[in-house]
Novice: 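Here you go, one structure.
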Amino acid sequence: VWGMPCSSIRSDWAAQRIKGLSFMSAVINSLLKVREPKTLINEFYYPSKGPGMMWERFREAVLFGGGRVLLNSEVTEVIHEKGYVTGIRFNKDGQLQEIPASHLASTTPVSRLVPMLRPEAPEKVLEAARGLSYRAFVIVILILDQKDLFTDQWIYVHSPQFRVGRIQNFRNWSAAMSPHSNRTAIGMEYFCNKGDDLWAMPDKELIETASLELKELGLAVIEDITDGCIIRQDDAYPVYDDGYREKISTIKEYLRDIHNLQTIGRGGTHRYNNMDHSMLTGMLAVENYSGAKHDLWEVNDEKEYLETDRKAVEIRGEITDILDITFARMDKPAFATALGSVSGILAFMATIWLVIKGGDVVGPNLLLLEQYFAGYTVSVEGSFIAFGYSFFWGFILGWLFAYLRNLFMGLYMFWVNKKSEFMTLKDFFDYL
């Protein structure tokens with residue numbers, strides 16, 4: 001991007017296994033021939049000193065174009081009039097300043113942006129903004145006197161015994177991110193809420209907690225950890241809670257009437273986008289300033305922006321529902337009881353019907369059952385005997401059918417899983 005130096009990173013084979021080896025996935029993939037998600041790739045470009053290089057280059061481009069980049073400046077008010085933003089007010093070095101604006105692209109979380117609008121938004125819109133939630137993010141960066149800690153870029157930690165959610169190995173993204181040849185920089189990532197105990201924990205205590213967890217996970221020893229620092233980011237992850245769609249819809253409809261205001265990025269659209277989707281909203285916003293009509297709220301919602309084809313996802317969901325039923329384990333007692341009951345009721349009703357119908361010879365054909373059902377006659381008493389015999393044999397046959405069906409289905413599932421594992425092993429050797 002913008003001619004930045006990049007290093008080509010080849011992901012390890014283990015990461016490819018997130019494709020999944022579940023039986024259901026194997027069956028669906030074999031039926032649909034679904035394409036692999038676009039993010040499961042073998043190679044990609046990565047900034048040699050991390051994603052921050054993109055924003056440094058972005059700043060250079062803005063300055064080269066005659067623009068200004070104001071750091072440590074907190075926007076407090078967005079002034080709009082007759083459907084257009086006319087300026088913004090911000091606090092810099094303790095002084096309130098104002099600059100005019102002909103276009104405004106905001107990455108600010110919409111929960112913060114809406115209360116900044118002057119004149120104020122209607123109470124319904126303000127209430128919707130107050131109802132949006134976000135998760136905060138704390139990363140504890142530890143420096144270790146160890147060259148190679150583990151081979152992955154990321155390790156996700158799912159155990160409730162640990163508070164860390166993800167561990168990032170910066171050296172494995174790019175060697176330039178750990179320039180000392182015998183040291184490794186590790187990011188212990190914690191997901192929390194702004195103001196909770198983890199967010200408010202002193203830096204020293206956070207470093208001690210992260211160091212201890214890294215040790216307890218068996219990835220390092222305390223003596224190897226030589227330094228650490230903390231980075232906190234509030235409103236990092238939009239929360240998809242109950243009713244958030246309705247709140248976003250309310251805000252979206254109101255902001256559409258401010259024609260030169262565009263909200264972009266993860267916070268601006270309250271969408272848990274990847275970085276590429278977030279950057280795309282910014283690019284499309286620029287095109288909109290030139291006359292295009294892109295709906296930025298739809299980025300990563302339309303088919304061309306999804307990582308997996310939407311139609312394939314919908315079909316996969318429908319087939320999954322069918323397969324859940326098709327491959328579900330049959331309950332042997334339940335199926336046997338059901339089949340026995342139906343068989344017994346049919347024999348009972350057939351006998352009773354012939355008894356009611358009457359005649360010189362009652363049910364001569366059905367009377368042949370006496371060869372199989374001892375004591376059976378075409379009579380009221382015989383109908384109960386027929387029910388008992390039919391229920392018994394129906395139960396036996398139903399139980400046997402369910403047992404054999406489960407047996408053969410289990411063998412088939414075992415075969416599909418083994419075949420899928422074999423194909424993954426084949427991918428491994430092809431990779432080598």
Side-chain angles (χ1 to χ4, degrees), residues 73-91 96 98 101-138 191-196 198-199 232-289 292-303 305-306 310:
S73 303
E74 181 184 3
V75 176
T76 57
E77 295 180 355
V78 176
I79 314 302
H80 63 101
E81 182 180 348
K82 297 180 180 179
Y84 290 89
V85 172
T86 59
I88 62 170
R89 295 190 182 110
F90 61 97
N91 192 316
L96 188 63
E98 182 174 340
S102 58
H103 297 283
L104 179 61
S106 171
T107 62
T108 302
V110 286
S111 63
R112 294 186 186 181
L113 174 65
V114 170
M116 293 180 189
L117 296 173
R118 298 292 182 272
E120 286 191 348
E123 179 58 31
K124 178 181 179 182
V125 182
L126 289 170
E127 183 180 356
R130 288 192 293 266
L132 295 178
S133 301
Y134 299 83
R135 290 280 280 169
F137 174 77
V138 175
F191 311 104
C192 58
N193 294 319
K194 184 178 179 180
D196 67 11
L198 189 59
W199 177 268
R232 292 176 174 85
Q233 176 62 55
D234 57 352
D235 297 344
Y237 300 100
V239 174
Y240 293 173
D241 53 10
D242 290 340
Y244 91 94
R245 290 184 181 276
E246 291 75 14
K247 298 182 182 74
I248 286 296
S249 178
T250 298
I251 295 171
K252 186 193 312 183
E253 289 305 311
Y254 178 73
L255 293 183
R256 283 189 194 280
D257 291 333
I258 305 178
H259 304 294
N260 61 342
L261 168 62
Q262 297 187 86
T263 56
I264 62 176
R266 181 180 283 183
T269 58
H270 199 80
R271 188 182 295 279
Y272 190 13
N273 287 330
N274 291 324
M275 184 181 292
D276 52 348
H277 296 122
S278 297
M279 294 171 65
L280 179 60
T281 59
M283 297 174 185
L284 297 181
V286 173
E287 293 183 7
N288 284 346
Y289 292 146
K293 299 295 182 182
H294 301 296
D295 187 347
L296 305 184
W297 295 92
E298 298 301 320
V299 173
N300 198 21
D301 194 40
E302 296 176 356
K303 175 180 176 180
Y305 301 127
L306 289 176
R310 176 179 292 276

Novice: Between atom CG of L296 and atom NE2 of H277, what is the distance when rounded to the nearest 0.5 Å?
Specialist: 13.5 Å
Novice: Using the rule side-chain hydrogen bond (donor to acceptor under 3.5 Å, both in side chains), only one of H294, K293, Q262 pairs with N288; which is it?
Specialist: Q262
Novice: Of all heavy-atom pairs between S102 and N260, which one has the smallest distance, and what is that distance?
Specialist: O-ND2, 2.8 Å
Novice: Against Y134, only a single residue in R266, K194, H270 fulfils side-chain hydrogen bond (donor to acceptor under 3.5 Å, both in side chains); can you say which?
Specialist: H270
Novice: Considering all heavy atoms of both residues, which atom of A129 and which atom of S111 are nearest to each other, and what is their separation?
Specialist: O-CB, 3.4 Å
Novice: Roughly how far, to the nearest 0.5 Å, is the CD atom of E298 from the OG1 atom of T269?
Specialist: 10.5 Å
Novice: Looking only at non-hydrogen atoms, find the nearest pair between T281 and G265 and report the distance.
Specialist: OG1-N, 2.9 Å
Novice: Counting C-beta onward and ignoring hydrogens, is there a side-chain heavy-atom pair between I88 and L104 closer than 4.5 Å?
Specialist: yes
Novice: Is there side-chain contact between T263 and W297, with heavy atoms separated by less than 4.5 Å?
Specialist: yes
Novice: Answer whether the closest heavy-atom distance between the side chains of R112 and D235 falls below 4.5 Å.
Specialist: yes
Novice: In the structure I gave you, are the side-chain heavy atoms of P115 and E120 within less than 4.5 Å of one another anywhere?
Specialist: no
Novice: Can you tell me if CD on E287 sees more than 12 non-hydrogen neighbours from other groups inside 6.0 Å?
Specialist: yes
Novice: Looking at D276, is its backbone amide N or carbonyl O close enough to the side chain of N274 to form a donor-acceptor pair, meaning the two atoms are under 3.5 Å apart?
Specialist: no
Novice: Roughly how far apart are S73 OG and R89 CZ, rounded to 0.5 Å?
Specialist: 16.0 Å
Novice: Which class fits the ring pair Y237 and F137: parallel under 30°, tilted 30 to 60°, perpendicular over 60°?
Specialist: perpendicular
Novice: Can you measure from CE (M116) to NE2 (H80) and round to the nearest 0.5 angstrom?
Specialist: 13.0 Å
Novice: Check whether any side-chain heavy atom of W199 lies under 4.5 Å from a side-chain heavy atom of N193, and answer yes or no.
Specialist: no
Novice: Identify each donor-acceptor pair in which a side-chain atom of residues 238-258 lies under 3.5 Å from a protein atom, sequence neighbours left out, and give them as a table.
Specialist:
| from | atom 1 | to | atom 2 | distance (Å) |
| --- | --- | --- | --- | --- |
| Y240 | OH | Y272 | N | 2.7 |
| D241 | OD2 | S133 | OG | 3.4 |
| T250 | OG1 | E246 | O | 3.0 |
| R256 | NH2 | D295 | OD2 | 3.4 |

Novice: Would you call T76 and L96 a side-chain contact if the rule is heavy atoms closer than 4.5 Å?
Specialist: yes
Novice: Hey, what do you get for OG (S106) to CD1 (I264), rounding to the nearest 0.5 Å?
Specialist: 7.5 Å
Novice: Identify the heavy atoms of Y289 and H103 that sit nearest to each other, and give their distance.
Specialist: CD2-ND1, 3.2 Å
Novice: Should the pair R130-E123 be classified as a salt bridge under the 4.0 Å nitrogen-to-oxygen rule?
Specialist: yes
Novice: Any heavy-atom pair between the side chains of L132 and P109 that's under 4.5 Å?
Specialist: no
